[in-house]
Number of protein chains: 2
Amino acid sequence: MATRTAAERRAETAAAYDAFLAACPTRQLLDRIADKWVGLLLVALADGPCRYSELARRLASVSQKMLTQTLRRLERDGLVVRTVTPAVPVRVEYALTPLGQGLRPIMQAIKGWAEANMDEVVAARAAYDRRAAAS
Amino acid sequence: MATRTAAERRAETAAAYDAFLAACPTRQLLDRIADKWVGLLLVALADGPCRYSELARRLASVSQKMLTQTLRRLERDGLVVRTVTPAVPVRVEYALTPLGQGLRPIMQAIKGWAEANMDEVVAARAAYDRRAAAS
DNA sequence: CTGCATCCCGTGAGATACTG
DNA sequence: CAGTATCTCACGGGATGCAG
């Protein structure tokens, strides 16, 4: 059957686009690094391995749940390695893998742009809000 | 009063950290560009101004609500300009500002890393899941 | 010390219907 | 054509309590 409604065709296009997006490497990377705690964790681990409790202290406001969850995700993605030293009490250390290290230039680029341009963005926001308030 | 419980001190540290995070330019930029549709919109607008309906067509699966919402945010941040041509029917064009253009190298860097390394990440995930399944 | 399980709630995104 | 308004629902994330 060659005849489809316009709505059907649109739905197909959208489905194909969704599939494309789900597979898009850039989207996946963006989703990963934009996570609330990932960036902080990457920084915290940048200068060497770190214990769980030490990480909890550095990221002062992270909940245990989110810290563990984020670390697991990074471990699964091969960006971080988890090393357990059996002892009493247990000692667990996290460290960046070479792959995780490779993320640093990216984060640096983002940080650089942000520090150079975010004040302009903030100014734009203020101007926009002023116009909106004057309506 | 100089004496506070350990819990109080921790709460203060966390609050201060939260305030720091909220003000952090890098966090703000990350939150903005990691938005599901922002990256796509940036690409769609990269080669010149574009009408609302044209954008809707290019980002096949975006809802009107999200398209408008995302465009408003970008406009507010001074990354995009909205130009209304009064006519019947109305014609609205969106275009990148110079500030918005400046984001392209960042997005390129992210895209570059993703295309170069995400297959390794995917492999790491598969290996991790295999180990988990074998438990 | 390092974590997992559970409950709870706010935000955000989609669907749908209506307007200048 | 280019939106706005409202409803609903799922998911993320915090708090808390328990366990190896």
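We use all heavy atoms of the structure for the numbers below, so side chains are in, but hydrogens, waters and symmetry mates are not. Chain letters run A, B, ... following the sequence lines, proteins first, then strands; residues in each count from 1.
- For the pair B:Tyr17 OH and D:dG14 P, the computed distance is 13 Å after rounding to whole Å.
- The stretch residues 30-63 of chain A touches DNA chain C through A:Arg51, A:Tyr52, A:Ser53, each having a heavy atom within less than 4.0 Å of the strand.
- How far CG of B:Asn117 is from CG of B:Asp119: 7.5 Å, rounded to the nearest 0.5 Å.
- Summary of helix geometry: the two end axes of the helix from C:dC1-D:dG20 to C:dG20-D:dC1, each defined by five base pairs via their C1' atoms, are inclined to each other by 50° (rounded to 10°).
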| said: Walk me through whether B:Arg58 and B:Asp47 qualify under salt bridge (charged side-chain N to carboxylate O under 4.0 Å, His left out). | reply: CA-CA 13 Å; B:Arg58 292 199 195 177; B:Asp47 35 75; 3.6 Å; yes

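- Between the side chain of A:Trp37 and the backbone N or O of A:Leu59 there is no donor-acceptor pair closer than 3.5 Å.
- At distances below 3.5 Å, at least one donor-acceptor pair connects side-chain atoms of A:Gln28 with backbone N or O atoms of A:Ala22.
- With a 4.5 Å cut-off on side-chain heavy atoms, A:Arg73 and A:Val38 do not count as touching.
- The residues B:Asp129 and B:Arg125 are annotated as not salt-bridged, no charged nitrogen and carboxylate oxygen being separated by less than 4.0 angstrom.
- Proximity of B:Leu41 to B:Leu55: side-chain heavy atoms (C-beta onward) are separated by under 4.5 Å at one or more points.
- Applying a 4.0 Å cut-off to non-hydrogen atoms, the residues of residues 65-92 of chain A that approach DNA chain D are A:Lys65, A:Met66, listed by residue number.
- Remark: the backbone N or O of A:Thr83 is not paired with any side-chain donor or acceptor of A:Arg91 at under 3.5 angstrom.
- A donor-acceptor distance shorter than 3.5 angstrom exists from the side chain of B:Thr97 to the backbone of B:Gly78, with no hydrogens or angles considered.
- Under the 3.5 Å distance criterion, the side-chain polar atoms of B:Arg32 are left unmatched by any main-chain donor or acceptor of B:Leu74.
- The distance from atom CD of A:Gln64 to atom P of D:dA19 is 15 Å, rounded to the nearest whole Å.
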